[in-house]
Each structure stands twice: as C-alpha cells, then as structure tokens.
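Worksheet: one structure, shown below.
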Amino acid sequence: MIQAKNLKKVYSTEEVETTALNNVNIEIKEGEFVAIMGPSGCGKSTLLNIMGLLDNPSDGEYHFLGHDVSNRTERERAQLRKGNIGFIFQSFNLIDELTVFENVELPLLYLGMSADERKEKAEAALERMSMMHRRNHFPQQLSGGQQQRVAIARAVVANAKLILADEPTGNLDSDHGNEVMKVLAELNEQGTTIVMVTHSPHDADYAMRVIHLFDGHVVTENMQEGFHV
Amino acid sequence: MFKNYIKIAFRNLFKNKVYSFINIFGLAVGIAVCALIALYVQNEWSYDEFHENSENIYRVWAEETLQDGRVILNTSTPFIVVETIKNNIPEVENITYLNRFSNVAGVPQNDQKISENVSIIHDDFFDIFDFKFVEGSRESVFNSPSSIVISESAAKRHFGEATALNQVLSLKIGEEFRDFTVDGVLEDAPANSSIRYELLIPEQYFEPIMGERSMRNWFNIFGPSYVTLKDGTDPEELTDKFADMMRAALGEEEYEMTKYKIGLQPLTDVHLNTDFPGNGSDPVYSYILSIIALLVLVIACVNFMTLSISRSTSRAKEVGVRKTIGAVREHLMYQFWGEALLMTIVAVILGLIFAELLLPFFNELSGTVLEFSFGWQNLAVLLGCSVIISLIAGIYPALILSGFRPTQVLKGRLSQSSEKGSFNKVMVVFQFTLSIALIIGTFTIREQLAFVQQKNLGFQKEQILTFNSGFVNTPNAGIDNVFASSLSRKQILESELLGLSGIQQIATSSFTPVQTRGWFNVSFPNEQNQAQPFHANIVDENFIPTLGIEILNGRNFSEENASDKERAIIVNQAFVDYFNLEDPIGKRIPGPNFLDHEIIGVVNNFHYESLHSPIEPLVLTQKGQIVFSGINNMNLRNSAAPKYTVKLTTDDLQATIAGIRDVWEDVAPGIPFDYSFVDEALDSQYRQEQRLSKIVTSASLLTVLIAGLGLFGLASLMVVRRTKEIGVRKVLGASSSNILLLINKEFTLLIGLSFLIATPIAWFAMKEWLKDFAYSIELGIGLFLLAGIATLVLSWLVVSFQSIKATLINPVDSLKSE
C-alpha cells in the first residue's frame, strides 16, 4: 500500500535549514497496524504528513496505492486523499462550530454525496463508535475520549483504507486511552490499515510492527511478539 | 455543502458577537451613508428628466459683447426673442417665456393681499412641460384674457381647501388691481425641477407691467425662455439660422458691434452646468458627497478586512481540518467569501433601515425633500452592491485563510506572518489618515464659518429690520420718482413709529445690506475706453446712522443743506483708493457725463456684498440720476425697489414688531408686511457652506466612529494574540504600566504616521476651499495639532480599554493556555 524510498524532507527558513527526514525507506502492506516511535523532533509527524499526502517530500519516491505521489500538486493530493485516508489527531481537531453529526458528515460533503447517503453513512459510523446518542451535541460538550471517538468516526466514515493517527491517546487519561486503542485495533481487524505515531510503549503494543525513528532516520523495525505477517 | 457553509457562517456570526457587531454595524452605517448620498446625487443628476419630452426641451441663452470687450452670457432673455424665433425658425415647435415678477395678490373682497411671484408665459408652456393639472385641463386654460393658472400650494394659500377652479384672484397689474379667473390648477413642481411657478398669466400682461419699450428691446432681459424642436432637429444646426435671425433683427451695424448670439441649452443640462448663470447647483458638491460616501464605506470595508485577518488564527484549525479531509482551496474561498456575503447582506438590510430612519435628518442637512422608493430595479442594484462590497471586504481574508497549510495549523504552529501584520498596519494608517483629514476639514470649515459670522462687517446688523416700501420701479415712473414716493410714505411712518418704544430710526434705500449680490452694479468708460466699475445705492440721510456706518472723512447728507439732495454723493474708502483721489471731499466721480455733483463724505469699507467678494467702490446718493447720467452699463442682480430699514432698541421684539405691523396696515393698506432681520438674512447667505459644514462634520464623526470601532476590535484581537507574550513578560517582572505602554505604543506610532500623511492632504484641500472667500482665516498649525491630538486621545481610550484587560491577565492562566 505504501512504499517510501529514500524519502528526504528539509525545512528551510531564511537562516536555518533543518533536515526532518533523511533517507527513510518504509513499506507498509494493506491490513497492517504500524506504530512509529521516537523522541520529540525525530521526524515522526513529518513522515506521517507525507504518508497522509498533506505534504510533499523534498526528495525520494513515495508510492501510495500504486501511484507515484512524490511530486503532486496540492489539488491532486487532495483528490487522492479524499475517501482513502482518514486522520486522527492528538488534539482531536473537531470543528467547534459543527455538531457531532455534522463533523462526521463533513468528509462526505467534500466527496459530493447525496444527503440521504451522507446521513446513512454518518449514522453508521457514529453507531460503530457508540456515539449516536450524542449526535446533536457540540464538541465542547463532550469528554476527551468521546471527542476522539467522534474523530475516529469522522476518519472512517468514508471507508478510508488507511488511517493515520498522530498520538491518538496523547490528550487522554489511561481509561479513555485504552478505549480508543481498542477501537483502533477493532478497525484493524476489520481490514483497515493503520499507521500510528506514539510515545507510549503501551499503545505501541497494539501494533504488529514498530518503526523507531531517530534524527530523521529509521533505526530499527521490530515485529511485535505474537504478530505474524 | 451550501447549507453547511450557511450554518457555519451563522454560528460564527453569533459566536463572535463583538466582532460581528463591529463589522455589521460599521458596514451598515457606511451603506446608510451611501444610500442617502446616492439618493441625493441621483436627484441632482435627474433634474428636469420627468418631462416626457425632456430630451427635446431647450433653454434659450443670449450672449452679447460689451464695448470694452467683456462678454455677457445670459439665460434670462429679452421678451422679443420668443416672437422672433417663432417667426424665423420653423424647426422650433413650441416656445414660451417664463418671466417672473414679484407681485401682490389676493381675493378681491379681501384688502389684505400677500406677496406672490407671478410669471408671464406663452400658451405653449402647457405643451412643452409635463406639469400635471390637478383642476382644469390643457384645453380649458388660457381661453380668455383674464385667465390665470395657479399652483396647488398657491391655491391652498388663497382658497384653503375649497376648489380653486373659477374663483377670482386680484393681481396688481401696473398701478391698479385686476381680476383674474382661475381656470387651471397645476401640481407643485417636483423637487427635481429647475422650473418653479406660482401664478401664471398670459402674455398680454407683459406690456402693462413692463412697458411698451421693453417688448421690443433686445438689451432688456427678463426671464428664461424654453423651446421644443420638431422631430429630428439637431440644435447645433440652428446656430447659423440664429445668427441670420439676429443680423436681421438688430441690423448689420448693431449686430457687428454687439456680436449678439442666441443659442440653446438642453433643459436636462440646466441644473448642474455652472458655465451658465442661474440658480443651479455646483456639481462639485455632488462629487464631494460621493467621495465622502465612498470613503465611509471603504473605511467600514477595511474594518472587515483587518478584523477577519486578525481573527484568522482562530479559524486556522477549521481550515486545517477541512483541508485534511478533502477540501481544496476553492471550497474554502467560497466558504469565507460566503460568510462575508452573509454579513454584507445583513449589513445592507440594516443600513437601509438606518437610511430610512435618518432621511428626515439628512433632508435637513442637504436642504432637500427626498424619499426612498423601492422597486425590483433597486433590489437588483442592492444585491449587486452586496456582492461587490463582500468581494472587496471578503476576498483578501478569504485568500489568506484558504492558503493556510494544514500541516502547520494543526500542530498549532501558525504564526502571524509579518506580511499580514503589515497589511493590517497599512489599513489602519489608511483609515486614520482619512479620519484625521476629515477632522481637520471639519475644524477648518467651522472656524471659517464662525469667522464670517462674527466678522465686523462695518455696520450694525443686530436689531435691524428691513421690509419693502410697497413701491416698485415701473418703466414709466423713473427710479428717482419712485424713491421720492417711498420717502413720503417714510415720513408718515416716522411720525407714527417714533412714538412707539423700541424704535430708534428709520431709513429708506434702494438696496439694503441683506441684498448681498451687489447693488446698482454700474460702469463708465474712461479715456482708454476701459470699464470703470462701481456700485451705487440711492439712500436717504438716515441710512448711514441707522446702520451705524462710520464716516471717515467729511459728513453725512443733511436735511439742512438743501443742495445735498441735488448734488451730494458719499463714497467708500475703496472708491477713494480705486480712483486714487487725494483729498476726495469736493471731488467728482472721474467720468465726463455725470451730472453736477461733489463728494461730501467718505465712509469706511463696510461689507455690502458677501465675504466671498472683496469690497468694491461704492457711491451713495440721494439722487439716482447723478449716477445714471454718466454710466454706459448697469447690471442688476437684486430688486432696486425702495425699502425701509428700522433700527430697534427693544427687549420685547414680538411687541415691537406687532406695533410696526399695526402702523403699517394703516399707512399702507393692502401691502404685505414681509420683514426680515438683517443678521438672520446675512447668515443665510452662507447656507451652502453651512450645509457642507454639517455634512463634513457628520461624515468625520462617522468615519471616526467606524475607524474607532475597528481599532477596538484590532486591539482586542491583538491582546488575545499576545496573551502568551504578556504572560511571559509579567513572569519576567513587567509592571501593568509597562504592558499598557507596550500595547498602546504600536497604535500610537500608526496614528502618528497617519497624522503626517493627512496633514498635507488636508492643507491643500482646505486652502483650495478657502479661496472661495475674499476674507478667510489663516490655516494655523494649531488646528492641525488639535485634530491630531484629538484622534490620538480617542485611540488611546479605545486601545487602553483592551490593554488594561491585558494587564490583568494572570500569567499562570495565559501560559497554560498554550
């Protein structure tokens, strides 16, 4: 599903040039659950952004679903992203002015679906996350765990093949964190590919494979015990 | 999708109430001002277009060249022009004059007549113009010589609510009253008509009123004439025919000497074309108003832009999320522009409500009687305006916001880029430059008006009353004879009035200081055949003391000196200076043909014209013939009919005036007692300037209000943005006053810069405006500093309101919020 060859990402400002990723080679197959770990500033989020087609690499090749997408315009990346990739963030990033239902419905709007279809899918996703009873609430009226479940519902509503999660439990207490991890694991069992950036070894345990990054390099790739590809 | 945008737009509108209020209120005020001024300008530019035939109606002008080479262009025409054109120019379909005279009229049974303007017209008047008949019809009017057609309001004045048709109205024709039968009532001319009328009578009354000679004279002008042309006639093509016509009418020799020209001016051009003399308005005022309206609107739009951009940080997350889940830039542009459109529509609706509410006030300001009328057309224009305003106000913020990169904003790494910051600064400077310039304008205009109103005019203007003597100059009577009649009446008045308390003195004169457009404006040729102009007034011996005019040299006219009435004149200092008279007493007006006379006194330069004009040479005489005998040209812009001027010393004006009225009704039965106070009448000559002053004052108040609101919003957003910085500074030991200074300093610099830009702009504009006055204030630095300091203090108040909030921030909270 994902092949990255010699990925390089350099951020430059007027005075400083920072290399965030250097010669990263990664391959992720459909159905995998991969955790990316490493200290702050090692390039985890940069890698996730490139995988999620939010950003272009400075150098190297990146293939997503068989397309070479290393050098696409923002518009082309947005087209490929729609419906294929779902995002989950540490800070949830729900739109405060929209209700739970409207937040979940939003990706379908940009896919141009009819109102009936949107209603059906959004309700199914909320049902799946056990959030139907909160469909008319605004994000601020929910607990952190509930907000993250809504965010997951939004990520899966369009049947994304790939879910990218950036420290999904970072803002949650351990009970709510575990709940979210269980939901992700379930999604993975149902066939969704998941790539997750995390600081938490506990969360990483849910993954089949852990990639360790350090200063923009892949240092180790471990298969977790009990998982077999 | 659209529904989603609308929903978000509305929720944002209500979530940020202060911000929405500033935007919508500011825009609404801007739109209200624009709507009102658009209404005014539309009215100005649509003058006389309500006649179905307006494109084909022309006003006749006449131009003659004087011996000294001066060219005089007149839109008042000689009586004979109508008949001559009718007989010589077949392309002319209809033609009429509108020769207007002041007269007195009333129902025959009633002794008490009132002053009315009577116009002598040709029958064609009713075919040329589209004034509607309220009573009677085109066919029923002017069928008998005693026909009169009157306006609706004249009908009310004389007959109240009763029907006016077939009623009898008495008018003074020549020396006697004659009865007329009303056979038509016309609606009052609409507000945007340059043609006004009250009583209309047929052309045969011209002769008894103006005399037989006036009917044939090409150099005596009375009122405007109007024509319509036959289909397909180009007025340009008539130029040669008019020339031939004039050559034949005047004879070769006189035609060559006077270069007399006749031409046509389109009626729809009359109101705003200041190249022609008349009572139109200067289109410059339309332009000034339009510019002011646009400025107020632009300042409101600028608020919209700066506040949207400052708020962009709080919308950034939404942009990031939307982009992440599949939105492209256009989606977001539409969304943000849509929000701007929504706000604009709300503002437009609110603005129109404001405009409707403010209309009476505006009408008072502008001296108009305008009304809004709403039709589908206006609705379309409004929608178009909303789209344009929302584009201007919304497109830059939409561009900025939609350009956010999701990878940046979702990590909270969005920083205020310096480019956006400087855009806002430029906009704030722009707003305050306009505000300060308008404030300077307001101060200057007000100071100049106070100056002209308080300026010592060289005569007493308080407690001086003037009114008509009831005697008018007629062609056969001779000006000096009419003046003598008025003097006899004055003596009767004097004997009755001086017994009353509060009345000090009564004077008679052909002109009073209220008539500020010049007195007898005459000239005689000197040896080099150059025109030597001066003004003249026929006065009695009370004129100078009644008005408290100072005698610099010599003496006043005296009753003891019998020869004064025959050969004495008094001149002003300007006369002495202009003609370079050393020892003026005993000298003559330096022209050969004047009757025997000598200068017996010199008075100070009192302002007998408005302060727009410098003081010109003046001759005061008791015998007009002294002046008329030696001049070769006279121009009259005011009536020379004798008037009385009464000096009062009273605390009870009402009673004194009632006393004068009683005496008047005995002495001059049937003649209206229409008095005016000199000081009030003099103030009204600056009406156009007073209007401008009020409008500029309102406009500058509004711009300052809107710009101040914008500053308030910007300051509040700035405090929010810098919460963390303020927290850190406080942790490091900054005091509250340090923080206050920190925030205020930034805005102070911007306002200082605005002041530097505004000052020269305002200086040039005001210098230009003051040129219209022969006597004006000096543009001092104090006025400019005052405007700058006022703006600065105001902005400090507004910003401090926010920055004090910032100083109260608890650093623990503000640092945690990051």
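Worth saying up front: this structure is predicted, and the values here are computed from it rather than measured. Sequence lines set the chain letters: A, B, ... in the order given, protein chains first and strands last, and positions in each chain run from 1.
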* Asked: Should the pair Glu123(A)-Arg135(A) be classified as a salt bridge under the 4.0 Å nitrogen-to-oxygen rule?
  -> yes

* To do: Name the member of Ile325(B), Val328(B), Asn12(B) that forms the most heavy-atom pairs with chain A at distances under 4.5 Å.
  => Ile325(B)

* To do: Please look at Arg329(B) and chain A and tell me whether the side chain, the backbone, both or neither of the residue comes under 4.5 angstrom of a heavy atom of that chain.
  => neither

* To do: For the pair Glu102(A) and Lys7(B), find out whether any cationic side-chain nitrogen is under 4.0 Å from an anionic carboxylate oxygen.
  => yes

* Within 45° of the axis and under 6.0 Å from the centre of the six-membered ring of Tyr11(A), does NZ or CZ of Lys9(A) qualify? -> yes

* Structure fact -> When the 4.5 angstrom heavy-atom criterion is applied to Arg77(A) and chain B, the contacting part is neither

* With distance as the sole test, does Asn16(B) use its side chain to make a donor-acceptor pair with the main-chain N or O of Ser20(B) at under 3.5 Å? -> no

* For the candidates Asn103(A), Leu80(A), Leu106(A), Leu53(A), which exhibits the highest count of non-hydrogen atom pairs separated by less than 4.5 Å from chain B? -> Leu106(A)

* To do: Measure distances from Leu94(A) to the heavy atoms of chain B and classify the residue's part below 4.5 Å as side chain, backbone, both or neither.
  => backbone

* Structure fact -> Honestly, the part of Phe92(A) sitting under 4.5 Å from a heavy atom of chain B is neither

* Do the charged groups of Lys44(A) and Asp166(A) touch, with an N to O distance under 4.0 Å? -> no

* Asked: Can you tell me if OH on Tyr334(B) sees more than 12 non-hydrogen neighbours from other groups inside 6.0 Å?
  -> no

* Asked: Looking at Gln79(A), Arg154(A), Glu105(A), Arg118(A), which has the largest count of heavy-atom pairs under 4.5 Å with chain B?
  -> Arg154(A)

